[in-house]
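Order of listing sets the numbers, starting from 1, for every ligand and every atom in it. Numbering starts at 1 and runs along the sequence shown.
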Amino acid sequence: MTAASHDAEFPVARPRRLRRGPALRRLVAETRVLPENLILPMFVKEGLTEPVAISSMPGQVQHTRDSLRKAAREAVEAGVGGLMLFGIPEHKDSVGSQADDPDGVVQVALRDLADEVGDDIVVMADLCLCEYTDHGHCGPLEQDGHVNNDLTLERYASIAVAQAQAGAAVVAPSGMMDGQVGAIRAGLDRAGFPHVPILAYAAKYASVFYGPFREAAEGAPQFGDRSGYQQDPANVRESLREVALDVAEGADMVMVKPGLAYLDVVAKVAETSPVPVSAYQVSGEYAMIEAAAEKGWLDRERAILETLTSYRRAGAEQILTYWATEAARLLR
Ligand code: PBG
């Protein structure tokens with residue numbers, strides 16, 4: 001023993017005491033990820049007879065109606081809190097007619113899910129047009145190629161009603177049009193769905209990390225990009241404004257997307273939001289970890305749990321993650 005170690009003055013504090021052994025660490029952990037806070041995004045494609053693997057998202061598939069039901073049931077059994085459904089129609093056109101067709105792929109799948117798991121998990125529908133338009137943008141276009149904001153609002157209100165009629169427990173507009181939450185709220189209320197909550201993709205950035213999703217949902221823009229409606233990654237004040245607007249328009253929950261590269265935004269939104277705050281661990285985040293793990297460069301399960309813990313620590317209360325079912329099992 002050296003003199004220093006007997007010196008009562010130094011170190012003054014020993015934070016390591018509470019790190020000595022798993023039992024102590026568990027007792028003092030500040031953050032926990034719970035299966036019920038996880039939301040599983042799922043893809044269902046019209047006309048499939050077999051699930052189709054998504055090559056840029058190893059382990060994820062475009063579902064058939066049957067495989068969707070089965071995967072939904074597995075999520076329920078693992079204790080996952082919610083599902084977020086994306087549909088891929090066989091036929092696309094300039095206004096995305098299939099998005100609000102009562103027999104469109106997502107409406108059919110919503111009825112299946114409401115029937116199969118509707119009492120056990122929150123079945124949510126992503127509400128956007130990019131998977132349904134032939135040009136791949138999130139709403140009908142003007143002559144010059146910009147998305148026509150107010151025409152898009154009418155489409156979104158109609159889609160919300162179709163989704164609610166099909167059994168969606170929550171609708172989640174992701175198109176970043178101005179006024180979308182208010183237009184959807186009014187549409188739902190008029191159609192007799194005042195009880196259906198809106199989870200608003202409130203702060204959604206024009207991100208490179210959506211790359212693999214374009215293969216999954218087949219909704220890549222055929223020209224240009226989404227920077228005319230999604231946010232500039234450079235901005236954070238703008239996100240607080242978007243959240244405030246969405247809440248004023250009637251958002252019941254708000255989302256920040258992507259998550260990992262935007263945890264500062266999640267933290268700021270969580271500090272002031274009067275409604276629950278969700279965050280989306282997007283396709284590119286999934287792909288990065290899967291790819292590194294496949295090369296043996298990262299411990300996959302630890303990477304999944306560590307990133308989910310970081311989301312919770314930053315203040316996200318619900319986390320959308322493609323690992324939801326697996327993570328829920330690991331957490332139990
Ligand atoms: C559609 C939508 C996108 C994602 C969710 N909803 C793609 C986009 O905005 O370009 C991305 C999800 C992911 O990358 O996992 N508006």
With the threshold set at 4.0 Å, does a side-chain nitrogen-carboxylate oxygen contact exist between [X] and [Y]?
X	Y	answer
R300	E290	yes
D246	R185	no
K70	E116	no

Task: Heavy atoms of other groups near F209 CZ, more than 12 under 6.0 Å - done: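 Check fails, neighbour count at 12 or below.
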
Open item on the list: Any heavy-atom pair between the side chains of T307 and I289 that's under 4.5 Å?
Closed with: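 Yes, at least one pair of side-chain atoms sits under 4.5 Å.
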
TODO: Measure the CG-OG distance between D232 and S207 for me, rounded to the nearest 0.5 Å.
DONE: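 It comes to 11.5 Å.
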
Open item on the list: As a test of reading the model: which residues have a non-hydrogen atom less than 4.0 Å away from ligand 1?
Closed with: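 The answer is F86, D126, C128, C130, S174, K204, F209, Y210, F213, R214, R226, Q230, K257, Y280, V282, S283, Y322, counting any residue whose heavy atom sits under 4.0 Å from ligand 1.
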
